[in-house]
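Heads up: the structure comes next, in structure tokens.
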Amino acid sequence: MGVERAVTRWYVQRQRLLTEIASLEQALVEQEQREQPPEGAEQGEEQRQRLLARLEEMRARLQHLGPCPKPMMG
């Protein structure tokens, strides 16, 4: 029973991280597509840096999560 719980927890955490990464990447694309007026460029760059930092954090957490605790085959 414990192994199934660990595997389920791993899949939920992995899916949550992948969803967050996808939404951050989409937010970056949308931000780049919007035209920024010159006076708003500094604020836009600051927001972009925050998004990039959050994206890197999520990717690091996904890397730290590692492989599934128990292979699903067999």
Side-chain angles (χ1 to χ4, degrees):
M1 173 87 170
V3 173
E4 293 88 2
R5 183 175 293 160
V7 170
T8 301
R9 186 179 312 131
W10 180 87
Y11 272 105
V12 169
Q13 289 174 346
R14 180 177 177 269
Q15 188 60 45
R16 187 180 55 89
L17 289 170
L18 290 173
T19 302
E20 180 71 20
I21 288 170
S23 69
L24 288 169
E25 288 173 343
Q26 182 65 29
L28 279 171
V29 168
E30 289 173 2
Q31 184 184 21
E32 289 174 1
Q33 289 176 350
R34 279 186 263 146
E35 300 235 358
Q36 297 280 332
E39 54 274 355
E42 185 176 310
Q43 182 183 10
E45 184 61 29
E46 183 179 313
Q47 184 180 13
R48 183 176 181 276
Q49 291 300 322
R50 283 194 306 261
L51 285 172
L52 286 172
R54 182 79 174 144
L55 182 60
E56 288 303 314
E57 177 188 347
M58 290 295 113
R59 287 180 176 161
R61 289 175 68 182
L62 182 62
Q63 181 72 26
H64 180 71
L65 186 60
C68 184
K70 179 175 169 89
M72 297 306 287
M73 299 290 291

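Any value given below was found using the heavy atoms of this structure, including those in side chains, with hydrogens, waters and symmetry copies removed.
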- Task: Check salt bridge (charged side-chain N to carboxylate O under 4.0 Å, His left out) between Glu46 and all other residues, then give those that pass, not counting sequence neighbours.
- Result: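 If we apply the salt bridge (charged side-chain N to carboxylate O under 4.0 Å, His left out) test to Glu46, skipping adjacent residues, the hits are Arg50.
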- Item | Atom of Pro69, atom of Ala6 and distance for their closest heavy-atom approach |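 Heavy atoms of Pro69 and Ala6 come nearest at CG-O, 3.9 Å.
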- Message: Please give me the minimum heavy-atom distance between Trp10 and Gly66, naming the atom from each residue.
- Response: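 Here Trp10 and Gly66 meet closest at NE1-O, 3.0 Å.
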- Query: Just by distance, with hydrogens left out, do Gln47 and Gln43 show a side-chain donor and acceptor under 3.5 Å apart?
  - Reply: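 No, no side-chain donor-acceptor pair sits under 3.5 Å.
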Excluding sequence neighbours, so at least two apart, what forms side chain to side chain contact (heavy atoms under 4.5 Å, CB included) with [X]?
X	value
Ile21	Glu25, Leu55, Met58, Arg59, Leu62
Gln63	none
Glu57	Arg54, Arg61

- Message: Measuring from atom CG of Leu52 to atom CD of Glu45, what distance do you get when rounded to the nearest 0.5 angstrom?
- Response: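 Here the interatomic distance stands at 8.0 Å.
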